[in-house]
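What follows is a set of notes on a single structure, which appears directly below.
Just so you know, residue 1 is the first one in the sequence shown, and it goes up from there.
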Amino acid sequence: MKRRIASWENGHSTPDDFYGPMLCEAYDLSAGELGLNHEGERDTGLLDASYPASPEGAIDTVGQLWRADLNRYEPLLHAEPSEPAWNEASLRWLVAPEPDVPPQRRDGMRVGFGDVAAIKTTADMFAELDDRFGGDHARHAAVQYLSTEVTPLLRGQYTEQVGRALFSTVAEATLLAGWMSYDACRHGLAQRYFLQALRLAQDANDRRLAGSILSAMSHQATFLGRYTQAATLARAALMGISPVATPTLRAQFHAMEARALARTGDVRACEAALNAAMNALASRNNDDEPEWISYFDEAELAAEAAHCFRDVNSARKAVLHAENAMSGSHVRSDFFATMVLADAHLRAGDVEEACRVALDALDLGEQLKSARCVSYLAEFRQNLAGVGTSNDVRIFTDQVREHRLWIASDEHHAV
């Protein structure tokens with residue numbers, strides 16, 4: 001960075017469309033006053049949550065996002081999600097014609113299947129770190145890898161077969177960046193990553209992965225309170241990959257629809273979607289499933305059901321499913337399931353058991369750097385405050401006051 005600044009000061013180069021607006025903002029001067037040849041004061045393209053019109057547009061946009069995220073471009077990090085963007089992306093993906101082959105460039109480095117395998121292995125490593133330590137633990141490192149190592153590959157030379165595999169693998173890695181950003185509650189940024197991942201999956205002709213990306217969008221929309229939109233996204237995922245859907249994918253999409261419907265209070269439709277999810281999962285054959293959906297098993301579906309029954313105030317059913325949702329191998333998912341179990345006990349009137357389970361969750365989540373985990377705890381604290389200050393509550397708060405996630409939730413609780 002120091003060399004880049006020196007180059008600008010010496011007149012050997014000028015800030016580009018990313019750094020130029022940052023300098024304008026830092027010095028509170030216009031582009032003209034700084035002698036920059038930029039039409040605008042900031043790069044509005046980065047803040048525009050839109051679905052790329054072409055494979056080349058996806059490559060350019062995702063590269064800009066990685067670089068802006070890596071350089072902590074504040075307007076992007078604090079951007080809000082766009083509801084129209086969900087509508088546009090799901091519709092354009094559903095009606096898209098058979099994709100053209102990925103662009104085969106005549107310049108740049110040669111790319112082969114070995115390069116694609118390297119991306120996959122590295123992304124899997126970051127996915128494991130995300131699962132064990134939360135999205136904020138290695139998010140910056142993951143984006144740095146994508147920006148510095150993957151961008152040149154997307155701009156390289158590759159055959160049609162390699163191009164399809166490359167786009168699919170990069171779509172999966174970009175989906176991970178979206179999940180990590182979502183877990184860090186960088187919601188506008190996460191949505192933009194999901195949008196780019198969907199376009200890359202479309203260009204790879206990977207319908208199954210594209211459906212899973214729409215499912216991720218549905219998950220985020222429910223978390224943000226856009227329940228009708230979340231249900232629509234889950235249904236679009238199921239419709240869009242119906243000819244190639246596997247039982248596990250159908251189960252996941254039905255579960256996402258159920259999560260959204262539970263929040264709207266539509267108990268009958270929620271239970272119908274959950275039953276469809278359970279029936280689908282019961283018919284799965286693991287040998288026919290994509291590797292990246294293998295995490296969605298009986299424990300994961302039980303966790304989704306626990307969320308649903310908690311949200312429709314069926315506390316006893318929520319307890320039953322939450323008790324079956326502990327995988328023992330996915331730290332963050334187990335934290336969420338344990339917090340839902342604590343909430344369910346609280347809603348059932350068992351304050352002592354709710355506090356005991358919440359303490360278990362805090363012990364489990366001590367290593368997690370996840371704003372989403374903090375939000376779960378903040379919601380529990382709000383519900384706990386509603387039952388009054390009993391002896392059980394006083395003992396619990398004394399026990400947890402030094403837990404890192406509890407301290408992090410203080411600000412949320414105060415608000």
Exceeds 12 heavy-atom contacts within 6.0 angstrom, atom CZ of Arg316: no
Side-chain donor-acceptor contact under 3.5 Å, Gln196 with Thr174: no
Candidate pair Arg110 and Asp115, rule salt bridge (Lys or Arg N to Asp or Glu O under 4.0 Å), full reasoning: CA-CA 9 Å; Arg110 291 187 178 276; Asp115 300 298; over 6 Å; no
Student check: side-chain heavy atoms of Leu214 and Met256 closer than 4.5 Å: no
Ser181 side chain to Arg139 side chain, donor-acceptor N/O pair below 3.5 angstrom: yes
Arg207 and Asn205: side chain donor to acceptor below 3.5 Å: no
Pair Asp183, Ser370: side-chain N/O donor-acceptor within cut-off below 3.5 Å: yes
Any Arg186 side-chain heavy atom under 4.5 Å of Met180 side chain: no
Whether Thr232 side chain and Thr228 backbone form a donor-acceptor pair below 3.5 Å: yes
Asn275 side chain to Glu271 backbone, donor-acceptor under 3.5 Å: yes
Minimum side-chain heavy-atom gap Phe167-Val116 below 4.5 Å: no
Full working for side-chain contact (heavy atoms from CB on, under 4.5 Å) between Val267 and Val312: CA-CA 7 Å; Val267 179; Val312 298; 4.0 Å; yes
Asp297 bridged to Arg284 by N-O distance under 4.0 Å: no
CD on Glu257 to SG on Cys308, rounded to 0.5 Å: 10.0 Å
Ring-face cation contact, Tyr182 with Arg372, 6.0 Å cut, 45° max: yes
Donor-acceptor under 3.5 Å (Ser212 side chain, Leu209 main chain): no
Separation between CD1 of Ile59 and CD of Glu56, rounded to the nearest 0.5 Å: 6.5 Å
Considering all heavy atoms, the nearest Cys355-Leu384 contact: SG-CD1, 4.1 Å
Sidechain-backbone polar pair: Ser90 side chain, Asn87 backbone, donor-acceptor under 3.5 Å: yes
Distance-only side-chain donor-acceptor flag, Arg381 / Ser409, under 3.5 Å: yes
Side chain Arg263, main chain Arg259, donor-acceptor under 3.5 Å: no
Test item: Phe133 and Val331 side chains (from C-beta on) under 4.5 Å apart, heavy atoms: no
4.5 Å side-chain heavy-atom contact, Phe253 and Leu249: yes
Verdict with reasoning, Ile119 to Thr122, per side-chain contact (heavy atoms from CB on, under 4.5 Å): CA-CA 5 Å; Ile119 298 172; Thr122 306; 5.9 Å; no
Any donor-acceptor pair under 3.5 Å from Thr151 side chain to Ser147 backbone: yes
Heavy-atom closest pair, residues Pro81 and Leu224: CG-CD1, 3.6 Å
Short side-chain donor-acceptor distance under 3.5 Å, His403 and Asp363: yes
Asn279/Arg250 under side-chain contact (heavy atoms from CB on, under 4.5 Å): CA gap, chis, key distance, verdict: CA-CA 10 Å; Asn279 291 334; Arg250 288 198 302 270; over 6 Å; no
Spacing of Arg132 atom CZ and Leu368 atom CG [to the nearest 0.5 Å]: 10.5 Å
Distance in Å, Gln220 CD paired with Leu233 CG, rounded so as to fall on 0.5 Å steps: 10.0 Å
Tyr145 and Phe126 aromatic ring geometry - parallel, tilted or perpendicular at 30°/60° bounds: tilted
Contact check, side chains of Glu366 and Arg404, non-hydrogen atoms, under 4.5 Å: yes
Asp343-Tyr376 side chain donor-acceptor pair, cut-off 3.5 Å: no
Minimum side-chain heavy-atom gap Leu166-Phe113 below 4.5 Å: no
Least distance between heavy atoms, Ser329 atom then Asp334 atom: N-OD2, 3.9 Å
Minimum-distance pair of heavy atoms, taken over all atoms of Ala177 and Leu146: CB-CD1, 4.2 Å
Nearest heavy-atom neighbours spanning Leu129 and Ala138: CD1-CB, 4.1 Å
Check: Trp86 main-chain N/O paired with Gln229 side-chain donor or acceptor under 3.5 Å: no
Polar contact flag, side-chain donor to acceptor under 3.5 angstrom, Asp48-Ser50: yes
Minimum-distance pair of heavy atoms, taken over all atoms of Ala49 and Leu195: C-CD1, 3.9 Å
Any side-chain heavy-atom pair of Leu346 and Val387 under 4.5 Å: yes
Worked check of salt bridge (Lys or Arg N to Asp or Glu O under 4.0 Å) between Arg208 and Glu289: CA-CA 10 Å; Arg208 290 173 173 175; Glu289 299 286 347; over 6 Å; no
Between CG on residue Leu261 and OH on residue Tyr227, distance to nearest 0.5 Å: 12.0 Å
Mutual orientation of the aromatic rings belonging to Phe223 and His187 [parallel < 30°, tilted 30-60°, perpendicular > 60°]: tilted
Enclosure of Glu128 CD (heavy-atom neighbours >12, cutoff 6.0 Å): no
Over 12 foreign heavy atoms within 6.0 Å of CE, Met125: yes
side-chain hydrogen bond (donor to acceptor under 3.5 Å, both in side chains) evaluation trace for Gln64 with Tyr73: CA-CA 11 Å; Gln64 290 172 6; Tyr73 183 46; over 6 Å; no
Heavy-atom donor-acceptor pair, Asn313 side chain to Phe309 backbone, under 3.5 Å: no
Thr222/His307 under side-chain contact (heavy atoms from CB on, under 4.5 Å): CA gap, chis, key distance, verdict: CA-CA 11 Å; Thr222 293; His307 279 85; over 6 Å; no
Ion pair check, Arg164 and Asp206, cut-off under 4.0 Å: no
Check: Arg199 side chain, Pro52 main-chain N or O, donor-acceptor pair, under 3.5 Å: yes
Residue pair Asp69, Tyr193: steps toward the side-chain hydrogen bond (donor to acceptor under 3.5 Å, both in side chains) verdict: CA-CA 11 Å; Asp69 188 1; Tyr193 279 139; 2.8 Å; yes
Exercise: do Gln202 and Tyr51 side chains pair donor with acceptor under 3.5 Å: yes
His219 side-chain N/O to Ser215 backbone N/O, donor-acceptor pair under 3.5 Å: no
Separation of Arg310 CZ from His321 NE2 (nearest 0.5 Å): 14.0 Å
